[in-house]
Amino acid sequence: MIAWLSDWLRDIIAVILLAAFVELLLPNKAMLRYARLVIGLLILLTIMSPILRLLQGDFNAKLKDGITHWDQLEVKREVKMPTLSDIQKKAEQLNEKQESDAAALMEQTLESAMKSAVTKQTGQQVEAVDVTLSWEKQGQKMTPSLESVLVSLPEPDEQKKPADAPSSTGDEVQEVTAVQVDINDVDVQSDAGEAAKKQDDPNGGQDGWVQANAEVGKEIRNLLAEGWAVNPGSIQIRQRAGSSN
Amino acid sequence: MEIIQIVGLGLIATILIIVVREQKPLFAFLLAAFTGLFIFIFLIGKIDSVITVLEDLADRSGIPSIYLKTILKIIGIAYIVEFGAQIVRDAGQESIASRIEFAGKVLILVMAVPIISVIVETVMGLLPAGG
């Protein structure tokens with residue numbers, strides 16, 4: 001009992017000595033009040049320590065936990081300035097996203113334009129036009145070029161004669177030629193050959209799809225090749241498999 | 001005798017500043033700031049021995065090291081704030097100096113938050129639960 005009492009008293013005396021020392025060390029009076037508050041709390045804690053220990057076990061550990069937790073919070077809260085490389089990385093990501101968005105938008109516009117043009121020019125109902133763009137590096141910038149066009153025609157019921165289609169409305173097509181599309185002309189021959197082969201084989205398509213008949217196919221192909229300067233070899237035209245083909 | 005060196009340095013710096021101030025007030029300020037910095041750095045090493053004594057005291061009495069850490073942090077903040085505010089005040093920017101001191105006060109109070117929370121928790125624990 002006496003030992004415990006002397007321990008406690010020693011603690012209190014040490015903390016008070018410490019406080020006196022600190023007050024001497026403090027450089028100016030303005031800080032004194034604030035420092036005194038904290039030191040007073042510490043002294044209070046020391047004096048109360050027997051009660052605290054009785055009530056809630058090891059309060060020192062708790063205090064330590066609290067302080068370390070607080071320190072960590074402060075570290076986390078520190079504003080981190082992004083470094084230059086971070087910013088550049090972000091900019092690159094944004095650029096890529098923007099480019100892909102632009103490409104998607106371009107594909108969509110091209111698809112709808114081609115669809116309406118084909119419908120208008122040939123009178124053929126078009127189910128969907130699928131445009132795939134490929135990106136080519138030219139110097140610093142990536143430039144898009146039309147890689148392939150897939151035209152899907154609906155099931156041929158009463159096929160309109162292609163001759164019905166008005167062939168004089170070339171001006172619409174002229175407008176859209178403003179879209180600059182790079183085409184690598186090297187593969188034209190081989191692609192055209194492949195396409196011709198595919199066309200010869202009417203059942204070569206996927207399930208439910210067959211190659212469109214040659215006449216319509218050729219017309220659409222010519223139209224797209226003229227209007228958008230698409231490589232004729234990279235145009236695929238398919239048709240829903242129907243009874244008559 | 002370091003005290004002679006420091007006082008001598010201070011006197012020389014003061015005379016130089018008085019001489020220069022008429023012609024170039026900017027240089028006078030720079031001289032004052034530099035002298036203050038020099039004395040501060042010169043003496044900050046001496047405080048080391050005082051802190052060693054404090055640590056020794058804390059060790060021997062067995063008070064938790066977290067107390068000493070908190071107290072030393074308070075002293076450090078107080079010194080740094082005092083030093084910075086004094087230089088700014090020399091340059092004539094009283095308002096900025098008081099802001100620096102304000103920041104120091106806030107940071108010292110932040111030190112007290114964990115201690116206060118422990119005490120408050122204890123007092124709450126003392127109260128009867130159903131009361």
Side-chain angles (χ1 to χ4, degrees), chain A residues 6-74 77, chain B residues 40 43 46-47 50-51 53-86 89 97-98 100-102 104-127:
Chain A
S6 76
D7 263 9
W8 182 45
L9 280 177
R10 203 187 55 200
D11 270 13
I12 294 173
I13 290 167
V15 171
I16 290 174
L17 271 179
L18 212 62
F21 234 99
V22 169
E23 285 200 7
L24 275 179
L25 271 178
L26 276 177
N28 65 354
K29 294 284 172 225
M31 293 289 151
L32 198 60
R33 278 164 57 208
Y34 298 86
R36 222 176 237 168
L37 168 73
V38 179
I39 293 163
L41 283 173
L42 283 179
I43 294 172
L44 186 68
L45 214 57
T46 318
I47 293 171
M48 278 167 71
S49 65
I51 309 170
L52 288 171
R53 207 162 291 146
L54 204 67
L55 279 173
Q56 41 178 232
D58 195 7
F59 73 96
N60 271 328
K62 213 177 208 178
L63 186 63
K64 214 172 211 165
D65 278 356
I67 288 177
T68 48
H69 178 67
W70 193 259
D71 282 351
Q72 279 168 1
L73 268 185
E74 232 167 58
R77 232 181 290 146
Chain B
F40 184 75
L43 283 183
K46 303 287 169 211
I47 291 180
V50 178
I51 286 171
V53 169
L54 281 181
E55 271 173 352
D56 197 38
L57 180 69
D59 253 12
R60 228 184 300 166
S61 65
I63 59 171
S65 65
I66 207 102
Y67 290 13
L68 190 71
K69 246 190 228 165
T70 311
I71 288 173
L72 288 185
K73 270 185 193 168
I74 291 171
I75 297 176
I77 289 174
Y79 268 98
I80 293 168
V81 163
E82 167 72 10
F83 176 67
Q86 209 62 59
R89 198 166 279 141
S98 63
I100 292 177
E101 281 180 349
F102 169 71
K105 286 168 189 170
V106 168
L107 286 179
I108 287 178
L109 283 186
V110 164
M111 301 264 112
V113 169
I115 302 170
I116 291 173
S117 70
V118 166
I119 291 175
V120 166
E121 259 176 47
T122 313
V123 172
M124 287 298 165
L126 277 176
L127 296 175

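Throughout, protein chains are lettered first and strands after them, A, B, ... in sequence-line order, and every chain is numbered starting at 1.
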Report summary line: Output for pair (A/Leu41 CG, B/Met111 CE), nearest 0.5 Å, gives 13.5 Å
Report task. Flag the one option from B/Ile75, B/Ile116, B/Leu72 with the top tally of heavy-atom pairs under 4.5 Å to chain A. Result -> B/Ile75
Report summary line: Pair count under 4.5 Å, heavy atoms only, with chain A: among B/Ile74, B/Val81, B/Val113, highest is B/Val113
**Report entry** Distance in Å, B/Leu109 CG paired with A/Leu37 CG, rounded so as to fall on 0.5 Å steps
**Finding:** 6.0 Å
Query - B/Glu101 CD to A/Tyr34 OH distance, which is reported to the nearest 0.5 Å - result: 10.0 Å
Report task. Please look at A/Ile13 and chain B and tell me whether the side chain, the backbone, both or neither of the residue comes under 4.5 angstrom of a heavy atom of that chain. Result -> neither
Query - Reported CG-to-CD1 distance for the pair A/Leu42 and B/Ile71, which is rounded to 0.5 angstrom - result: 5.0 Å
